[in-house]
Asker: 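Handing you a structure now.
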Amino acid sequence: MQLSAKGDHRTESLTYPIEKILMSNRRLINVSRDRQRQLSIQFEWLHSVHEKEKHEDVQVLSVSTFDHWLSHEDASRLLENVPPEEQERRNKLLAAFCGKMVAGTEVLSFAMRGRRKDRCIFRAFKSSLTLTNYCRPNGGRLLGHRHFCVVLPELGCAFYESWDDTYHFFFTTPEVEDAARNWATQSKVYLLSHNSVS
């Protein structure tokens, strides 16, 4: 797997961020100030992950519809011009995994704020339906995101959707591994260790 409108632009630049913020705020609520502090300490490495910077303490475990890491040739064959019915099959598998995950542990949204976008604000979903609709293939659009990304505080990890039918857990302690293995087995998807990348 490779980790690899028309209109007046002046009007768009002013209104789109406001619409995006209002849309998000209707579906999310900030956690308490004390909880924010606790989560900021727990996920002090999250900014590095979000900016795709390497962090020596962070490990990665991936969830995929494929049972192995794809070579360049595999990627060209399996990720380009995917038939709609095959993409639907993959999406259902990943949606099933995400459904098991959100049913099995607390899941929070987060956003980077501040001048340098290095301050993380954690938010709870106002309804289980919103959470389920966000944590699924292409669910990030619900909050104006390209891909969804969340944290699982009880398991000390972040979980990111990716474009290539493979999602990624980032963590510094191994609590998530057993839970992820259980969810993967139930959902018929695969866990890929990054130690096995060739």
Side-chain angles (χ1 to χ4, degrees), residues 1-4 42-43 45-46 48-110 125 128 131-143 145-198:
M1 190 66 55
Q2 299 174 38
L3 295 176
S4 49
Q42 182 180 13
F43 293 104
W45 44 266
L46 188 54
S48 297
V49 167
H50 203 66
E51 294 300 315
K52 297 180 173 60
E53 300 171 353
K54 288 189 175 181
H55 193 294
E56 62 181 10
D57 296 328
V58 177
Q59 301 176 62
V60 186
L61 180 66
S62 296
V63 181
S64 181
T65 58
F66 306 112
D67 64 0
H68 63 285
W69 292 106
L70 302 187
S71 66
H72 288 288
E73 293 77 12
D74 287 339
S76 296
R77 179 170 54 87
L78 296 171
L79 298 177
E80 296 178 9
N81 302 312
V82 180
E85 60 275 14
E86 171 59 16
Q87 189 61 62
E88 182 180 5
R89 184 190 71 84
R90 297 177 190 178
N91 287 350
K92 284 181 177 178
L93 291 172
L94 290 166
F97 179 90
C98 293
K100 299 292 184 185
M101 180 185 76
V102 301
T105 190
E106 179 186 31
V107 178
L108 299 177
S109 174
F110 66 91
F125 291 85
S128 59
L131 171 57
T132 299
N133 286 338
Y134 181 67
C135 291
R136 63 186 305 149
N138 303 310
R141 297 172 185 171
L142 183 70
L143 300 182
H145 305 155
R146 182 178 180 185
H147 299 300
F148 77 75
C149 52
V150 293
V151 294
L152 285 58
E154 295 169 350
L155 299 174
C157 66
F159 188 58
Y160 281 71
E161 178 186 13
S162 188
W163 64 273
D164 52 0
D165 302 312
T166 298
Y167 297 174
H168 310 287
F169 285 107
F170 297 88
F171 55 95
T172 57
T173 55
E175 286 87 349
V176 70
E177 293 181 356
D178 287 343
R181 190 172 295 110
N182 184 41
W183 299 329
T185 299
Q186 295 178 47
S187 308
K188 297 181 171 58
V189 294
Y190 304 95
L191 294 186
L192 302 178
S193 167
H194 285 249
N195 295 329
S196 64
V197 180
S198 57

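What's counted below: heavy atoms across the whole structure, side chains too, no hydrogens, waters or symmetry copies.
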Asker: So does E53 have more than 12 non-hydrogen atoms from other groups sitting under 6.0 Å from CD?
Answerer: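 Buried by this count: over 12 neighbours within 6.0 Å.
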Asker: So if I apply the ring pair (Phe, Tyr, Trp, His ring centres under 6.0 Å) rule between F148 and each of F110, Y167, Y160, which one comes out positive?
Answerer: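 The single option meeting the ring pair (Phe, Tyr, Trp, His ring centres under 6.0 Å) with F148 is Y167.
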Asker: Quick check: are there more than 12 heavy atoms from other residues, nucleotides or ligands sitting under 6.0 Å from CG of N81?
Answerer: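 Count not over threshold, so no.
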Asker: To the nearest 0.5 Å, what is the distance between CG on L152 and CZ on F170?
Answerer: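 Here the interatomic distance stands at 13.0 Å.
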Asker: Counting N and O atoms only, with roles assigned by atom type, does the side chain of Y134 sit under 3.5 Å from a partner on the main chain of C149, one being a donor and the other an acceptor?
Answerer: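 Looks like yes, one N/O pair under 3.5 Å.
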Asker: For the backbone of F171 and the side chain of W45, can you confirm whether one donor and one acceptor N or O come within less than 3.5 Å of each other?
Answerer: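 Here the side-chain-to-backbone pair does not exist.
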Asker: Does a side-chain heavy-atom distance below 4.5 Å link C135 with V107?
Answerer: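 Yes. Closest side-chain heavy atoms under 4.5 Å.
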Asker: How are the rings of W69 and H194 set to each other: parallel, tilted or perpendicular (split at 30° and 60°)?
Answerer: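 Ring orientation of W69 relative to H194: perpendicular.
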Asker: Please confirm whether the backbone N or O of P153 pairs with a side-chain atom of Q42, one donor and one acceptor, at under 3.5 Å?
Answerer: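 Checked: pair present.
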Asker: Do E51 and V49 have side chains that get closer than 4.5 Å, going by heavy atoms?
Answerer: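 A side-chain contact is absent here, since even the closest heavy-atom pair is not under 4.5 Å.
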Asker: Find the distance between OH (Y190) and CG (L93) and round it off to the nearest 0.5 Å.
Answerer: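 The distance works out to 8.5 Å.
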Asker: Locate the shortest heavy-atom distance separating S109 from L143; write the atom from each residue and the value.
Answerer: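 Nearest pair, atom of S109 first, then L143: OG-CD1, 4.3 Å.
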Asker: Which pairs of donor and acceptor atoms, one on a side chain in residues 174-181, lie under 3.5 Å apart (sequence neighbours left out)?
Answerer:
residue: E175; atom: OE1; partner: T173; partner atom: OG1; Å: 2.4
residue: D178; atom: OD1; partner: R181; partner atom: NH1; Å: 3.0

Asker: For S187 and K100, work out which heavy atoms get closest and say how close.
Answerer: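 Closest heavy-atom pair between S187 and K100: OG-CG, 3.6 Å.
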Asker: Are S162 and H147 close enough that some pair of their side-chain heavy atoms sits under 4.5 Å apart?
Answerer: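 Of all side-chain heavy-atom pairs linking H147 with S162, none is under 4.5 Å.
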Asker: To the nearest 0.5 Å, tell me how far D164 CG sits from F66 CZ.
Answerer: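 Here the rounded value is 7.5 Å.
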Asker: Work out which heavy atom in E161 is nearest to a heavy atom in G140; give both atom names and the distance.
Answerer: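 Where E161 meets G140 most closely, the heavy atoms are OE1-N, 4.3 Å.
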Asker: When rounded to the nearest 0.5 angstrom, what is the spacing between CD in Q59 and OG in S193?
Answerer: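 Those atoms lie 9.0 Å apart.
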Asker: Can you name the nearest heavy-atom pair linking C157 to F169, along with the distance?
Answerer: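 Looking at all heavy atoms of both residues, the shortest contact is SG-CD2, 3.7 Å.
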Asker: Among all residues two or more places apart in sequence or in another chain, which pass the salt bridge (charged side-chain N to carboxylate O under 4.0 Å, His left out) test with E86?
Answerer: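 Scan of E86 (salt bridge (charged side-chain N to carboxylate O under 4.0 Å, His left out), adjacent residues dropped) gives R89, R90.
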Asker: Distance check, rounded to the nearest 0.5 Å: R136 atom CZ versus N91 atom CG?
Answerer: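 Going from the CZ atom of R136 to the CG atom of N91 covers 9.0 Å.
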Asker: So do V150 and L108 actually touch side chain to side chain, heavy atoms under 4.5 Å?
Answerer: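 Not touching, per the 4.5 Å side-chain cut-off.
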Asker: Of the non-hydrogen atoms in D57 and T172, which two are nearest, and what is the gap between them?
Answerer: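 Reported closest heavy-atom pair: O-CG2, 3.4 Å.
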Asker: Would you sort out whether L191 and V63 count as a side chain to side chain contact (heavy atoms under 4.5 Å, CB included), showing the intermediate values?
Answerer: CA-CA 5 Å; L191 294 186; V63 181; 3.7 Å; yes
Asker: To the closest 0.5 Å, what do you measure between CD (Q87) and CG (L79)?
Answerer: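 The distance works out to 8.5 Å.
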Asker: Look at the side chain of T105 and the backbone N and O of M101, then say whether any donor-acceptor pair between them is shorter than 3.5 Å.
Answerer: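 Looks like no, no N/O pair under 3.5 Å.
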